[in-house]
Peer 1: 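This is the structure I have questions about; it appears just below.
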Amino acid sequence: MRKLLILLALSLTLTATAKSGPKKSGTSYAKEVLQPYVDSGQLPGAISVFYKDGVQETCCVGYADVKKKRPIKMDNVFMQCSQTKGFCGVTIAKLVEEGRISLDDPVSKYLPEFKELWVLDGEKDGVKTLHKAKNVLTIRMVLNHTGGFPFEISAKRGDVRGGGWSGGAPLRQVASIAAASPILFEPGTREQYSNTGIDIGAAVVEVVTGTKWEQYLKKTVLDPLGMKSTWFWPTDKQLKTKIELYAMKDNAPAEWREEMDMQQRPYNDSHVFASAGAGLWTTANDQLKFYKMLMNLGLGDNGVRILKEETVKSILAVSTRPEGLGGYSLGLTAPVKDSDDAWFGHGGAWGTNCSVNWHKKELKLWVIQSVGGPQPWGAGIAKAAEKFFAQPIKSGVDAYTGRTR
């Protein structure tokens, strides 16, 4: 009885602490760097978060919409583009953890059309030369960009109206088109960054679970973590507060962009299909929930465990590629070898990024919606992060930082 009361008291204390959120650092390293660029108009707006073991510096500077003078906020939706890949990686990791798949399973075990693949040797006068692939394509390969697939299939070309990340085709169809098209090299022998490969991984999830990948993601990751603002189809209400797209200019105000080829309006109608390679909308508040879960080795700030510690350590926080092909795990950039100074995470095409160090309980989040151009504040933000992590920090222990299981 005494033991039960102690456990109950501890649970209530941890829950109350988690709800209170992180301790404010009292620093403004990021804002000091960014404010001059906002004042000049070169930077429309940005969000920067530095976190270390319960202590957090949160910087929201500038505007989500410069013309309307609408301040940028932590709950504004934005397109995180390729950061979507990490979400697919987590769903694959869950199935591996449960023993339902192995990373070295042939993709054809679940998607029969991948039984026979053809490698492109060359093309002359419109005639392609191919050879039958000798290596077996595995789940590991499609999730770490060593499968040989191009960036996108033809159906998701950005120069076609209705294409891109916010259009294209259903995941199962994407996989079928990819299987019927020549691949670029023997599976497992090189690396080629590929949204297509990640989409193939999501199609495997659909077959194994018997449900749409996005619904499986929602049920097993988004809902348990309380990520209520993250989805492939943002509501009209959310879009009214979204962070707008801008092209950055050299020593001149940034220019607003209505849309891009790979992200075409409307953003939430029937032409939009879920894509695991890119396409998930979110907010800074929601993104923190996901990446803090990774930082805490599978445990959400709300106390909900998504993955086991060893699963995160072994197939998400470190590379799953063959030696010599660089570091990448399952939809996440990751070090080749783990160390106390190792970070893992992902970035997105519009300039977003988040990475974590699980050893030191550190996190860096960056949100901007930039479609290109100079970004001279980059070096300053890197130095601001160094200052934050170098300062003596008394732990705020705002949540579950991996010390409970």
Peer 1: So, Glu123 side chain and Thr129 main chain: donor-acceptor pair closer than 3.5 Å or not?
Peer 2: no
Peer 1: Under a 4.0 Å N-O cut-off, is there an ion pair linking Lys364 with Glu57?
Peer 2: no
Peer 1: Look up atom OH in Tyr328 and atom NZ in Lys85, then write down how far apart they are to the nearest 0.5 Å.
Peer 2: 6.0 Å
Peer 1: Ignoring hydrogens and geometry beyond distance, is a side-chain donor-acceptor pair present between Thr58 and Gln56 at under 3.5 Å?
Peer 2: yes
Peer 1: So, the side chain of Asp286 versus the backbone of Thr283: is there a donor-acceptor pair under 3.5 Å, distance only?
Peer 2: no
Peer 1: At what distance, to the nearest 0.5 angstrom, does OG1 of Thr230 lie from CG of Leu225?
Peer 2: 9.5 Å
Peer 1: Check for me whether the distance between the ring centres of Trp358 and Phe344 falls short of 6.0 Å.
Peer 2: no
Peer 1: With the threshold set at 4.0 Å, does a side-chain nitrogen-carboxylate oxygen contact exist between Lys360 and Asp341?
Peer 2: yes
Peer 1: For Thr320 and Asn144, what are the C-alpha separation, side-chain angles and deciding distance, and is it a side-chain hydrogen bond (donor to acceptor under 3.5 Å, both in side chains)?
Peer 2: CA-CA 7 Å; Thr320 62; Asn144 67 19; 3.0 Å; yes
Peer 1: Is there a donor-acceptor contact under 3.5 Å from the side chain of Glu206 to the main chain of Trp213?
Peer 2: yes
Peer 1: Can you measure from NZ (Lys219) to OG1 (Thr209) and round to the nearest 0.5 angstrom?
Peer 2: 9.0 Å
Peer 1: Show your working on salt bridge (Lys or Arg N to Asp or Glu O under 4.0 Å) between Glu310 and Lys308 and close with a plain yes or no.
Peer 2: CA-CA 6 Å; Glu310 187 54 37; Lys308 295 177 182 177; over 6 Å; no
Peer 1: Is a side-chain donor or acceptor of Lys361 paired with a backbone partner of Met295 at a separation under 3.5 angstrom?
Peer 2: yes
Peer 1: Between Lys52 and Glu362, does any side-chain N to carboxylate O distance fall below 4.0 Å?
Peer 2: yes
Peer 1: Using the six-membered ring wherever Trp is involved, compare the ring planes of Trp281 and Tyr267 and label them parallel, tilted or perpendicular (cut-offs 30° and 60°).
Peer 2: tilted
Peer 1: Is it the case that atom CD in Glu323 sees more than 12 heavy atoms from other parts of the structure closer than 6.0 Å?
Peer 2: no
Peer 1: Flag this pair as yes if the NZ/CZ of Lys67 is under 6.0 angstrom from the six-membered ring centre of Trp256 and inside a 45 degree cone about the axis; otherwise no.
Peer 2: no
Peer 1: Taking side chain as C-beta onward, heavy atoms only, is Tyr193 less than 4.5 Å from Phe151?
Peer 2: yes
Peer 1: If we count only N and O atoms by modelled type, under 3.5 Å, do the side chains of Glu32 and Ser28 hold a donor and an acceptor together?
Peer 2: yes
Peer 1: Donor-acceptor check, side chain of Tyr246 to backbone of Val66, threshold 3.5 angstrom: yes or no?
Peer 2: yes
Peer 1: So does Glu244 pair up with Lys242, basic N to acidic O under 4.0 Å?
Peer 2: yes
Peer 1: I'd like to know if the side chain of Asp338 reaches the main chain of Val318, judged simply by a donor and an acceptor atom lying under 3.5 Å from each other, with no hydrogens or angles considered.
Peer 2: no
Peer 1: Determine, for Glu116 against Lys132, whether the closest basic-nitrogen to carboxylate-oxygen distance falls under 4.0 angstrom.
Peer 2: yes
Peer 1: Return yes if some donor-acceptor pair links the side-chain N/O of Thr84 with the main-chain N/O of Gly279 below 3.5 Å, else return no.
Peer 2: yes
Peer 1: Against Gln83, only a single residue in Thr282, Thr352, Asn353 fulfils side-chain hydrogen bond (donor to acceptor under 3.5 Å, both in side chains); can you say which?
Peer 2: Thr352
Peer 1: Compare all side-chain heavy atoms of Leu363 with those of Cys354 and state whether any distance is below 4.5 angstrom.
Peer 2: yes
Peer 1: Check the side chains of Asp269 and His271 for a donor-acceptor pair under 3.5 angstrom, ignoring hydrogens and angles.
Peer 2: yes
Peer 1: With rounding to the nearest 0.5 angstrom, report the CD to CD1 distance, Gln369 to Ile72.
Peer 2: 8.0 Å
Peer 1: Are Phe290 and Phe87 near enough that their ring centres are under 6.0 Å apart?
Peer 2: yes
